[in-house]
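Whatever order the structure lists them in is the order used to number ligands and atoms, beginning at 1. Only this structure's heavy atoms are used, side chains among them; waters, hydrogens and symmetry mates stay out.
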Amino acid sequence: MIYDFDEIIERKNTQSSKWDNVAARIGNGDALPMWVADMDFRCPIQVVEAVKKRAEHEIYGYPYVPPEFYDVTASWLKKRHGWEIRSDWVVFTTGIVPVFNTMIQAFTEEGDEVIIQEPVYHQMIHPVNDNGRVISNNALLCENGVYSIDFEDLERRASRAEAKLLFLCSPHNPVGKVWSRQDLVRIAEICLKYGVIIVSDEIHSDLLLFGNRHVPLASIDERYAWNSVSCFAPSKTFNIAGLRASGIVAPNPEIRKKLENQFKKNKGIQQNVFAVPAYIAAYTECDDYLEQLVAYLEKNIAFLAAFLEERMPKIKIGKQEATYLAWLNCKALNLSDEALAEFFIDKSLVGVSLGTAFGDEGSGYVRLNFGCPRRTLEKALHQILIQYKSFGF
Ligand SMILES: Cc1ncc(COP(=O)(O)O)c(C=O)c1O
């Protein structure tokens, strides 16, 4: 089937967080929403059919997670990333954000440290603070727009007795970086040496652009698998985040049991009746969608990069290796973060995410979601361009 990603679909008044909650979340209800990681594309027809079929049954009592859920997760990981796992390593969760909270509660005490790598997905930051644990920020290094890991600093942080967990974002949101096998080996070896468990968030691992390959950290070595949990989901890949289903791979039975027990204690885990049928359809019937989606996203980011370079050269982007989230370096505009928010959101009426939401290292940056029809992206860029010129940049 051929998908039409150019189609503009009205999303207002659908109880969409991205479109209907933009005033509360972004500060201006008139801004074109290009913030949260949610694409403006129809999801695959096979997912729609699976949801409709379930809806037509007309009884929506408590669901359970069937064995097929665990098997399709294993098949997907083998097919996409060449990682062979056992189905009984998989834990069902209603999203990946709940895993951060649960892992903190199961594996750390008050005052313990969780290592993160800012600028990073903000939901890795909040649960650490919310649970009374301490952020240990192994900030990413950035040279000429290329991000890398400060391994010396990572080792220093991991060696502290208080350090218990590392939240790894792979591929990395917001900087769009795919970590190499060599990077992953160095991270995993440091964490093993000091007994720091890795929570490897690989939610963006299917959205790899320009021939980049994703390596699941735990697939490299059994010892790494034993010292980690890896988080996967079809939610970003197939634009079904609102259905809430993800598969967490925890090969170490002790870690898996502790994680499952904590989820039980938290009592928040039960899925809705549409989640698993959609998940199974996405992971078994929608490869053609993903192929076309990646090709479309590659064209969008190429268009965005060329537009910036030719018409707004003071706004720069690095190499986009994964995801549909572009990390715009606006430092050359010489605006404070408040003024940057005003420039994009209030003047240009483009609802980007502010870089500072991802940590102090995000100062001078904004994140723009290009998972939308090209015409929407063009509209946003033209709105920004008008302000860029009127500010005299
Ligand atoms: C890195 C990363 N992890 C997790 C999530 C969201 O996880 P979920 O919706 O499954 O809770 C996002 C969404 O943007 C993300 O970018």
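A single hydrophobic cluster is not seen to contain both Val99 and Val196; linkage of ILVMFWY side chains at heavy-atom distances under 4.5 Å, directly or through other members, places them apart.
Side-chain contact check for Phe167 versus Tyr121: every heavy-atom pair is 4.5 Å or farther apart.
None of Lys264, Arg256, Lys257 except one satisfies the salt bridge (Lys or Arg N to Asp or Glu O under 4.0 Å) rule with Glu260; the exception is Lys257.
For Asp38, the salt bridge (Lys or Arg N to Asp or Glu O under 4.0 Å) test picks out Arg11, with sequence neighbours left out. For the ring-ring contact (aromatic ring centres under 6.0 Å, His included) test, residues two or more places apart in sequence or in another chain that qualify with Tyr365 are Trp327.
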Check ligand 1 against the protein and report each N/O to N/O distance under 3.5 Å, formatted as atom name, atom name, distance.
unit_1	atom_1	unit_2	atom_2	d
ligand 1	3 (N)	Asp201	OD2	2.5
ligand 1	9 (O)	Arg244	NH1	2.9
ligand 1	10 (O)	Ile96	N	2.8
ligand 1	11 (O)	Ile96	N	3.1
ligand 1	11 (O)	Val97	N	3.0
ligand 1	11 (O)	Arg244	NH2	2.9
ligand 1	14 (O)	Lys236	NZ	3.2
ligand 1	16 (O)	Asn173	ND2	2.7
ligand 1	16 (O)	His204	NE2	2.8

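Under the ring-ring contact (aromatic ring centres under 6.0 Å, His included) criterion, the residue pairs touching residues 65-85 are Phe69-Phe92, Phe69-Tyr279, Trp76-Phe238, Trp76-Tyr283, His81-His214, with sequence neighbours excluded.
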